[in-house]
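Have a look at the structure below before the remarks.
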2 protein chains.
Amino acid sequence: MSENTAKFELILSSSKKLIEEIGFSSLTMDKVAQKAGIAKGTVYLYFKDKDDLIEKVLSTGFERMFDRIKRKVSEENGMVDKLKVLVNENINHIYENRYFFKTIFLDEVNVVFLKKKSKESFNLRRKRYSDFISEIIKSGMKSGEFRQDLNSPRAGYMLVSLIKSSAIYDFLNEKIESNPENIKNVTEEILNLFLRGITR
Amino acid sequence: MSENTAKFELILSSSKKLIEEIGFSSLTMDKVAQKAGIAKGTVYLYFKDKDDLIEKVLSTGFERMFDRIKRKVSEENGMVDKLKVLVNENINHIYENRYFFKTIFLDEVNVVFLKKKSKESFNLRRKRYSDFISEIIKSGMKSGEFRQDLNSPRAGYMLVSLIKSSAIYDFLNEKIESNPENIKNVTEEILNLFLRGITR
DNA sequence: TTGAATTATGACTTTTAAGTCATTATAATA
DNA sequence: TATTATAATGACTTAAAAGTCATAATTCAA
């Protein structure tokens, strides 16, 4: 595996662009090479195989998003406030990378294409994020901000899925433009439901 | 396209079993034929192509589930009660067909494999279900059972995703056994969150 | 400057599985 | 029973794309 970081990044970003354009299901190594302006063999100098390439596209994207969210969350004190900035930051990130996430979510890429090992890391990332949320909820239960009878890991997992499904809902309804108004609404609707439920 | 219903059903149920065993990504027409104990060419007498076969496996499964839920829901009057039986019935259905849904959810099959046309019908089914829920929520808003400031279509969509993600959560944590205790808990946790939120 | 080491190339091989169709078997009908 | 129509077969064709590797280009070190 060669060490040239610039070329590694070039292949990675070309793949990401391609995925936005044509989706995962049509992604081929030939197209990746063409998009990056290099030969197919070169791709294999930097990535073990196609699975490795996709896994790295997904994992670098996730780490970038997770770091960003963690930074913002750490600036808040109350658990309700932490959840608020978490949702806000997550939705913002999704909208800023909306064409990528549109493909991820609507194509439901997810783990189908990945081999066993990459499937596991996919689920591990999901778990790391929902565990992070679960800890906030646990603290909120201790502090009295949240109900005492919650199953915090499940609740954490549920919030992740609410965020995701809200974005899917918008993408399906063609609300893909990233205007602040829209983002503010989505964020509030998720938080409203998650914090207060639908009953009066 | 031949008319023999028994053979049609045989291929359909063999495919479903196979999907449970090996997942969508490894499903081949050769394996389907072998599982059904017939020749590959025969499969093509009853289904246009692989996409058609998968689409029919998914759509018949969905219709069965949706009918069952609608029947139960129609027996209730209050909107809260309707949502309660809806969630309960949906979770029950998922657990009764847990190996199928485990594959569907964890492999995240969804639409990846399907061609454009089938992708659309996949999203249409999802929409039919969330619209159905959305109508219940709208009635509940009118009757005063629910808050007035809800975005009912989005809320409907969110409930669908809460149900799905709860099942995924259990499957990921190996809680796949279908004991009534477990099902009761899951149902209650979903409803608790959706109706009341996490704050006190 | 030269030759060794590294990186890049893309035509080629391999694999896999979808879909076809000439042939055969079975069922229906007269 | 003979003839026609329908259903079934599976070897074969086709297609697509992953992955390889002998060769070429470039970079580096002496």
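Hydrogens, waters and symmetry mates are skipped; everything else that's a heavy atom, side chains included, is used. The sequence lines fix the lettering, A, B, ..., with proteins before strands; numbering per chain opens at 1.
If you take CD of A:Q34 and P of D:dA17, they are 13 Å apart, rounded to a whole angstrom. Atoms CZ (B:F8) and P (D:dT6) sit 20 Å apart, rounded to a whole Å. When the P atom of D:dA24 is taken as reference, atom CD1 of A:I38 falls 21 Å away, rounded to whole Å. Rounded to an integer number of Å, the gap from NZ of A:K31 to P of C:dG10 is 19 Å. Atom-to-atom, CG of B:D30 to C1' of D:dA11 comes out at 11 Å; the value is rounded to the nearest Å. Atom-to-atom, CD1 of A:I54 to P of D:dA17 comes out at 13 Å; the value is rounded to the nearest Å. The nearest whole Å value for the distance from the OH atom in B:Y44 to the P atom in C:dC21 is 13 Å. As rounded to whole Å, 10 Å separates atom C1' of C:dA11 from atom NZ of A:K40.
Closest to the side chain of B:L45, from the set C:dA17, D:dA18, D:dA7, is D:dA7. The side chain of B:N4 lies closest to D:dA8, out of D:dA8, D:dA18, C:dA8.
Within 6.0 Å of NZ in A:K31 there are more than 12 heavy atoms belonging to other residues, nucleotides or ligands. Other residues, nucleotides and ligands place no more than 12 heavy atoms under 6.0 Å from the NZ atom of A:K127.
Between A:Y46 and C:dA8 there is a side-chain polar atom (N or O) within less than 4.0 angstrom of OP1 or OP2.
Looking only at side-chain heavy atoms (C-beta outward), A:S59 and A:R125 come within less than 4.5 Å of each other. Counting only heavy atoms from C-beta outward, the side chains of B:I198 and A:L83 approach each other to under 4.5 Å. Two residues are said to be in side-chain contact when any heavy atoms from C-beta on lie closer than 4.5 Å; B:R154 and A:S166 meet this criterion.
Using a 4.0 Å heavy-atom distance criterion, B:F47 is classed as making no nucleic acid contact. Across all strands shown, B:T28 has heavy atoms under 4.0 Å from sugar-phosphate atoms exclusively, and none from any base. Residue B:L53 is classed as having no contact, given no heavy-atom separation below 4.0 Å to the nucleic acid.
Each of A:T42 and A:L27 lies near DNA chain D, and the nucleotide nearest A:L27 is the one positioned closer to the 5' end.
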